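Here the structure is laid out as structure tokens; the discussion comes afterwards.
Values below: all heavy atoms of this structure, side chains included; hydrogens, waters and symmetry mates excluded. Note that the structure is predicted; figures quoted are calculated from it, not measured.
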Amino acid sequence: MALKSYKPTTPGQRGLVLIDRSELWKGRPVKSLTEGLTKSGGRNNTGRITARRRGGGAKRLYRVVDFKRAKRDVEAVVVRIEYDPNRTAFIALIQYLDGEQAYILAPQRLGVADKIVAGEKVDVKPGNAMPFTGMPIGTIIHNIEMKPGKGGQIARAAGTYAQFVGRDGGYAQIRLSSGELRMVRQECMATVGAVSNPDNSNQDYGKAGRMRHYGKRPSVRGVVMNPIDHPHGGGEGRTSGGRHPVTPWGKPTKGAKTRSRKKASSKLIIRSRHARKKGR
């Protein structure tokens, strides 16, 4: 999908750059593959805000996306490519030969009427899914499982992908777009290709009101608050907020490591995504 810019006929359209979605399906999603979606506004079960700057936004239907691709060796045809308000990537409606329909993440270069299949040993083409045991080294992949049968968790956002770079003792080695090199079990499934909508990050929404439609509320810097509201607040004139940047609750931010050293999956990471920064 290409980007489209607008003539500045209004202040909100000056600099506005959006994705051209004219080729996508314009109707409603398949009703049997949708569920209701309740907004939390960033609040937990006690009603307290735990994620700031969320709330409002347009009402959405949740499209049930098949991340597992558990229906093996049954060919499916792509019926249409759709917009999904719940994610940055586009989704594809597929129909299996037995009539069953499902939504999957649409990879790049997947078009209407294309045929795809999931199985132990299938062709290496966009949309096909297979475990690492039957995949050639060097394949570009997305929607990667971290545990066999759990469903894809890695590389699901718009334009993301990983590369299968090697095998070692029952594990597959994959290089993520962040630069991280990690291992997953060879029994895990992955889908061939990169995720659709790679231009998503190049959009310029033009005005704050458009972000409110996405459910994002204004973000106020701590240095412009009062001391009662934020550790960075107060002071005479313009102040930088102090020596150590922190959250409103005093937790270090801007570079402070938050990953637990005891996390079980740490032993599966061969090369950290932060390794490049240390080498500078």
Straight-line distance of [X] [atom1] to [Y] [atom2], nearest 0.5 Å:
{"X": "Glu100", "Y": "Ile94", "atom1": "CD", "atom2": "CD1", "answer": "8.5 Å"}
{"X": "Phe90", "Y": "Ile81", "atom1": "CZ", "atom2": "CD1", "answer": "9.5 Å"}
{"X": "Arg259", "Y": "Ser272", "atom1": "CZ", "atom2": "OG", "answer": "8.0 Å"}
{"X": "Tyr205", "Y": "Gln203", "atom1": "OH", "atom2": "CD", "answer": "4.0 Å"}
{"X": "Leu268", "Y": "Lys263", "atom1": "CG", "atom2": "NZ", "answer": "11.5 Å"}
{"X": "Leu18", "Y": "Tyr6", "atom1": "CG", "atom2": "OH", "answer": "4.5 Å"}

Using modelled atom types and a 3.5 Å cut-off, is there a donor and acceptor pairing between side-chain atoms of [X] and backbone atoms of [Y]?
{"X": "Asn197", "Y": "Thr88", "value": "yes"}
{"X": "Arg80", "Y": "Trp25", "value": "no"}
{"X": "Glu120", "Y": "Gly134", "value": "no"}
{"X": "Glu145", "Y": "Gly152", "value": "no"}
{"X": "Thr139", "Y": "Phe164", "value": "no"}
{"X": "Asp20", "Y": "Lys4", "value": "no"}
{"X": "Arg48", "Y": "Thr46", "value": "no"}
{"X": "Arg221", "Y": "His232", "value": "no"}
{"X": "Lys39", "Y": "Lys59", "value": "no"}
{"X": "Gln163", "Y": "Gly138", "value": "yes"}

Does the side chain of Gln173 pick up a donor-acceptor pair with the side chain of Tyr171 at under 3.5 Å?
no

Check whether NZ of the Lys or CZ of the Arg Arg21 lies under 6.0 Å from the centre of the six-membered ring of Tyr83 and within 45 degrees of that ring's axis.
yes

Would Arg156 and Val195 satisfy side-chain contact (heavy atoms from CB on, under 4.5 Å), going step by step from the backbone distance to the final call?
CA-CA 7 Å; Arg156 300 191 336 189; Val195 186; 5.7 Å; no

Closer than 4.0 angstrom, basic N to acidic O: yes or no for Asp98 and Lys71?
yes

Is it the case that over 12 heavy atoms from other parts of the model lie below 6.0 angstrom from the NZ atom of Lys147?
no

